[in-house]
Peer 1: 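Let me begin by handing over the structure; questions about it come next.
What you see below is based on every heavy atom in this structure, not just the backbone, and it leaves out hydrogens, waters and symmetry mates.
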Amino acid sequence: MEGVKIIAVNRKARHDYSIDDSYECGIELEGTEVKSFRDGKISFPDAWAEVINGEVWLRSLKVAENPFSSIFNHDPDRKKRLLLHRDEIKRIKRKTEEKGYTLIPLSFYFKKSRVKVELGLCKGKKSFDKRADIRERDLKRDISREFRSKTSGL
């Protein structure tokens, strides 16, 4: 996509969860937090989102303090509000009330100089599902390797 700069991707989420739906949403940040996002100083291995009073809040996202801002620095563990349309929030709330669904941030990126979050509506995988995915990925890799060796050998 044009004008998109990826800040961070949650690869572990794609391994641990099956993603049913994803939403692009904005995030409400303070000034020093934006500077930390620009530097890529964020950590979200166990971040998640929840719907409270018709608003979506992102939890456990650690945004490092900016060393160049004096006393006006932000709280690194502050919960952040996500910006979505009202009908999307209602749809997400209905889904998360079902058994096993949770909201996980999949990636953070800049789009037209604004920080965006790709939020995934996910369901946890069992360990045998993870093994099946790994087996399938290895099989695809072996097939493509065989195909390359056959075509280059001609």
Peer 1: Can you tell if the side chain of Cys122 reaches within under 4.5 Å of the side chain of Tyr101, non-hydrogen atoms only?
Peer 2: no
Peer 1: Only counting residues at least two apart or in another chain, list the ones meeting salt bridge (charged side-chain N to carboxylate O under 4.0 Å, His left out) with Arg94.
Peer 2: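 Expected list: none.
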Peer 1: Are side-chain heavy atoms of Lys62 and Phe44 found at a separation under 4.5 Å?
Peer 2: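 No. Closest side-chain heavy atoms not under 4.5 Å.
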Peer 1: Does one hydrophobic cluster hold both Val63 and Phe110, with members joined at side-chain heavy-atom distances below 4.5 Å?
Peer 2: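 Yes, because Val63 and Phe110 connect within a single hydrophobic cluster, where side-chain heavy atoms sit under 4.5 Å apart.
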Peer 1: Just how far is it from atom CG of Asp142 to atom CZ of Arg137, taken to the nearest 0.5 Å?
Peer 2: 11.5 Å
Peer 1: Rounded to the nearest 0.5 Å, what's the gap from NE2 on His85 to SG on Cys25? Could you check?
Peer 2: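 It comes to 10.5 Å.
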Peer 1: Hydrophobic cluster membership, with links at side-chain heavy-atom distances under 4.5 Å among I/L/V/M/F/W/Y: are Leu121 and Ile89 in one?
Peer 2: yes
Peer 1: Would you indicate whether Ile19, at its atom CD1, is surrounded by more than 12 heavy atoms from other residues, nucleotides or ligands within a distance under 6.0 Å?
Peer 2: yes
Peer 1: Provide the full list of ring-ring contact (aromatic ring centres under 6.0 Å, His included) pairs with a residue in residues 20-43, sequence neighbours left out, each pair given once.
Peer 2: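 Only Phe37-Phe108 qualify under ring-ring contact (aromatic ring centres under 6.0 Å, His included).
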Peer 1: Are any side-chain N or O atoms of Lys80 and backbone N or O atoms of Arg78, one a donor and one an acceptor, separated by less than 3.5 Å?
Peer 2: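 It does hold such a pair.
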Peer 1: So with a 6.0 Å cut-off around NZ of Lys79, is the heavy-atom count from everything else above 12?
Peer 2: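 Yes.
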Peer 1: Does any non-hydrogen side-chain atom of Trp57 lie less than 4.5 Å from one of Leu82?
Peer 2: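 When only atoms from C-beta onward are counted, Trp57 and Leu82 do not touch, as no gap falls below 4.5 Å.
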Peer 1: Does Asn10 use its side chain to pair, donor to acceptor, with the backbone of Ser107 at less than 3.5 Å?
Peer 2: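 Flag not set: sc Asn10 to bb Ser107 has no pair under 3.5 Å.
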Peer 1: Atom CG in Leu119, atom OG in Ser22: separation rounded to 0.5 Å?
Peer 2: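 The OG atom of Ser22 is 9.0 Å from CG of Leu119, to the nearest 0.5 Å.
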Peer 1: So, Lys41 and Glu65, do they make that salt bridge, N to O below 4.0 Å?
Peer 2: no
Peer 1: Does Lys123 come within less than 4.0 Å of Glu98, counting only side-chain N to carboxylate O?
Peer 2: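 Salt bridge between Lys123 and Glu98, a charged N being under 4.0 Å from a carboxylate O: no.
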Peer 1: Going through the checks in order, is the side-chain contact (heavy atoms from CB on, under 4.5 Å) test met by Glu118 and Glu24?
Peer 2: CA-CA 5 Å; Glu118 183 184 6; Glu24 178 186 70; 6.0 Å; no
Peer 1: Hey, does Lys116 have a side-chain heavy atom less than 4.5 Å from the side chain of Ile27?
Peer 2: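 Sidechains of Lys116 and Ile27: no contact.
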Peer 1: Answer yes if Leu29 and Leu61 sit in the same cluster of Ile, Leu, Val, Met, Phe, Trp and Tyr residues linked by side chain heavy atoms under 4.5 Å apart, and no otherwise.
Peer 2: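 As far as the 4.5 Å side-chain criterion goes, Leu61 and Leu29 are connected within one cluster.
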Peer 1: Please round to the nearest 0.5 Å and tell me the distance separating atom CD of Glu28 and atom CD of Glu30.
Peer 2: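 Nearest 0.5 Å value for the CD-CD distance: 9.0 Å.
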Peer 1: CD1 of Ile104 to CG of Leu58: how many Å apart, nearest 0.5 Å?
Peer 2: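 Rounded to the nearest 0.5 Å, the CD1-CG separation comes out at 9.5 Å.
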Peer 1: How far does OG of Ser113 sit from CZ of Arg38, to the nearest 0.5 angstrom?
Peer 2: 6.5 Å
Peer 1: Identify the heavy atoms of Ala64 and Ser36 that sit nearest to each other, and give their distance.
Peer 2: O-OG, 2.5 Å
Peer 1: Using side-chain heavy atoms (C-beta onward) and a distance below 4.5 Å, is Arg145 in contact with Phe147?
Peer 2: no
Peer 1: Are the charged groups of Asp138 and Arg141 less than 4.0 angstrom apart, N to O?
Peer 2: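 Salt bridge between Asp138 and Arg141, a charged N being under 4.0 Å from a carboxylate O: yes.
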Peer 1: For Arg86, what residues pass the salt bridge (charged side-chain N to carboxylate O under 4.0 Å, His left out) criterion, not counting sequence neighbours?
Peer 2: none
Peer 1: Is Arg91 salt-bridged to Asp87, going by a charged N under 4.0 Å from an acidic O?
Peer 2: yes
Peer 1: Between Glu50 and Arg59, does any NZ, NE, NH1 or NH2 come within less than 4.0 Å of an OD or OE carboxylate oxygen?
Peer 2: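 Yes, this pair counts.
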Peer 1: State, yes or no, whether a side-chain contact exists between Ile92 and Leu103 at a heavy-atom distance under 4.5 Å.
Peer 2: yes
Peer 1: Hydrophobic clusters here meaning ILVMFWY residues chained together by side-chain heavy-atom distances under 4.5 Å, can you tell me if Ile7 and Leu106 are in one?
Peer 2: no
Peer 1: May I ask you to check whether over 12 heavy atoms, not counting those of Tyr17, lie within 6.0 Å of atom OH?
Peer 2: no
